[in-house]
Amino acid sequence: MTKLSIETTGIRLRRNFFTRDVLEVAPDLLGKVLVRQFEDGSISRWLITETEAYKGEEDKACHANKGRTPRTEVMYREGGYIYVYLIYGMYWLLNIVTGETDHPQAALIRGLSKITGPGRVGKQLKLNKSFYEEDLITSNRLWLEAPIVNLRKYTSSVRIGINYAPDEWRLKRWRFSLNMSENK
DNA sequence: TCACGGATTCGT
DNA sequence: CGAATCCGTGAT
């Protein structure tokens with residue numbers, strides 16, 4: 001018997017959840033249950049509390065704005081795959097690829113219940129390069145489940161850490177934060 | 001082959 | 001406010 005601190009239905013999210021546009025999926029990821037099975041077999045669950053949308057080659061803040069490269073290749077796949085990359089030489093940031101094939105886009109997981117900050121998320125989940133292109137639909141070490149109660153109230157704000165992007169993209173309110181108090 | 005800098009965090 | 005720490009990317 002596993003004692004769960006997060007209430008999950010145990011039902012894994014399927015492909016069609018992820019193949020929608022990132023501007024639909026990113027806020028819809030809020031309140032979903034992220035599950036990690038570690039090497040020793042132990043399983044941890046968290047609620048997703050904060051996400052950001054990165055959409056297309058036109059989005060100057062999205063890594064895919066450089067086109068297809070070894071790093072961005074996975075973003076061109078259909079939704080449901082993992083895009084991880086090392087930032088500042090020390091943090092593996094977790095992204096979930098969304099949309100249809102050849103529409104490069106992804107949702108950055110910026111926060112989970114009890115874990116604030118994308119760098120800390122990768123650290124707690126013990127992510128590394130081997131998670132690049134992991135399939136959330138079939139993976140036995142990382143996947144998403146539908147919660148029993150779907151929390152829906154959230155706030156939109158500008159994305160963090162992309163001051164290099166021109167205003168047109170820098171000012172888009174594509175950061176989505178679960179509003180815990182209004183969801184009680 | 002080289003230099004640059006980043007979707008961050010932590011300590012001073 | 002600056003260091004940590006590494007590799008993808010674009011230029012040479």
Side-chain angles (χ1 to χ4, degrees), chain A residues 17-32 34 36 38 44 46-100 102-136 139 142-144 154-179:
Chain A
F17 176 88
F18 302 98
T19 52
R20 295 171 296 150
D21 190 274
V22 68
L23 294 181
E24 283 185 48
V25 180
D28 209 11
L29 282 169
L30 298 173
K32 296 297 185 293
L34 182 67
R36 172 78 164 99
F38 294 98
S44 295
W46 300 266
L47 284 187
I48 296 175
T49 58
E50 187 177 342
T51 63
E52 275 178 359
Y54 289 88
K55 177 174 172 168
E57 295 182 346
E58 327 78 56
D59 180 359
K60 293 301 183 187
C62 179
H63 291 163
N65 84 90
K66 296 187 182 303
R68 276 183 194 266
T69 69
R71 186 171 70 153
T72 64
E73 188 63 34
V74 70
M75 279 200 276
Y76 288 79
R77 299 198 67 173
E78 64 177 342
Y81 293 90
I82 289 301
Y83 166 42
V84 288
Y85 70 94
L86 185 64
I87 186 71
Y88 301 116
M90 50 186 104
Y91 302 108
W92 288 95
L93 299 204
L94 174 62
N95 296 257
I96 295 174
V97 174
T98 63
E100 299 174 5
D102 290 333
H103 290 256
Q105 47 180 242
L108 168 67
I109 304 302
R110 288 196 63 89
L112 303 172
S113 43
K114 301 197 172 183
I115 308 177
T116 57
R120 291 169 176 164
V121 167
K123 186 177 179 182
Q124 286 269 334
L125 270 58
K126 294 184 165 63
L127 301 184
N128 56 56
K129 192 182 180 91
S130 76
F131 282 82
Y132 185 88
E133 215 161 29
E134 185 91 354
D135 188 355
L136 288 169
S139 174
L142 192 63
W143 66 91
L144 270 71
Y154 67 91
T155 304
S156 301
S157 54
V158 297
R159 293 175 291 180
I160 301 297
I162 55 160
N163 290 335
Y164 56 82
D167 283 1
E168 179 188 359
W169 300 100
R170 187 173 56 80
L171 299 178
K172 287 191 182 302
R173 300 172 73 84
W174 285 358
R175 177 190 183 194
F176 309 101
S177 308
L178 199 58
N179 188 333

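To find a chain, count down the sequence lines: A is the first, B the second, and so on, and within it residues start at 1.
- Side-chain contact check for A:Y83 and A:Q105: no donor-acceptor pair (N or O, by modelled atom type) lies under 3.5 Å.
- Judged by ring centres under 5.5 Å apart and planes tilted less than 30 degrees, A:Y54 stacks against the six-membered base ring of B:dA7.
- Between A:N65 atom CG and B:dA7 atom P the separation is 10 Å, expressed in whole Å.
- Without hydrogens or angle criteria, A:R159 side chain to A:K172 main chain gives no donor-acceptor distance under 3.5 Å.
- Contact detail for A:P104 and A:E57: the closest heavy-atom pair is CG-CG, 4.0 Å.
- Contact annotation: A:H63 side-chain N/O to B:dA7 OP1/OP2 distance is under 4.0 Å.
- Ring stacking is absent between A:Y91 and B:dT8, as the pair misses the limits of under 5.5 Å between centres and under 30 degrees between planes.
- Separating the CG atom of A:N95 from the C1' atom of B:dG6 is a distance of 14 Å, rounded to the nearest angstrom.
- Between C:dG2 and B:dG5, the distance separating the two C1' atoms is 15 Å to the nearest Å.
- You'll find that the side chain of A:K66 is closest to C:dT9, out of C:dT9, B:dA7, B:dT8.
- Mapping A:K129 and A:I87 onto DNA chain C by nearest heavy atom places A:I87 closer to the 5' end of the strand.
- Phosphate proximity of B:dA7 to A:R110: absent, as no side-chain N or O sits under 4.0 Å from OP1 or OP2.
- Against DNA chain B, the stretch residues 156-171 of chain A makes heavy-atom approaches under 4.0 Å through A:I160, A:G161, A:I162, A:Y164.
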Which side-chain N or O atoms in residues 19-27 of chain A pair as donor and acceptor under 3.5 Å with protein atoms at least two apart or in another chain?
| unit_1 | atom_1 | unit_2 | atom_2 | d |
| --- | --- | --- | --- | --- |
| A:R20 | NE | A:F17 | O | 3.1 |
| A:R20 | NH1 | A:D28 | OD2 | 3.2 |
| A:R20 | NH2 | A:F17 | O | 3.2 |
| A:R20 | NH2 | A:D28 | OD2 | 2.8 |
| A:D21 | OD1 | A:L23 | N | 2.8 |
| A:D21 | OD1 | A:K55 | NZ | 3.4 |
| A:D21 | OD2 | A:K55 | NZ | 2.9 |

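- Look at A:E52 and A:R110 and you find a salt bridge, because one of the NZ, NE, NH1 or NH2 atoms lies within 4.0 Å of a carboxylate O, short of that distance.
- Both key distances under 3.5 Å define a Watson-Crick or G-U pair, and stretches of 3 or more such consecutive pairs in DNA chain B run B:1-6 with C:6-11, B:8-11 with C:1-4.
- Nearest to the side-chain atoms of A:P70 among the listed nucleotides B:dG6, C:dT9, C:dC7 stands C:dT9.
- Taking atom OH on A:Y85 and atom C1' on C:dT9, their separation rounds to 14 Å, with Å as the unit.
- Considering only side-chain N and O atoms, A:T69 lies nowhere under 4.0 angstrom from the phosphate OP1 or OP2 of C:dG8.
- Of the candidates A:Y85, A:Y76, A:Y54, A:H63 forms a ring-ring contact (aromatic ring centres under 6.0 Å, His included) with just one, namely A:Y85.
- Across A:R36 and A:W46, no two heavy atoms sit closer than the pair CB-CZ3, 3.8 Å.
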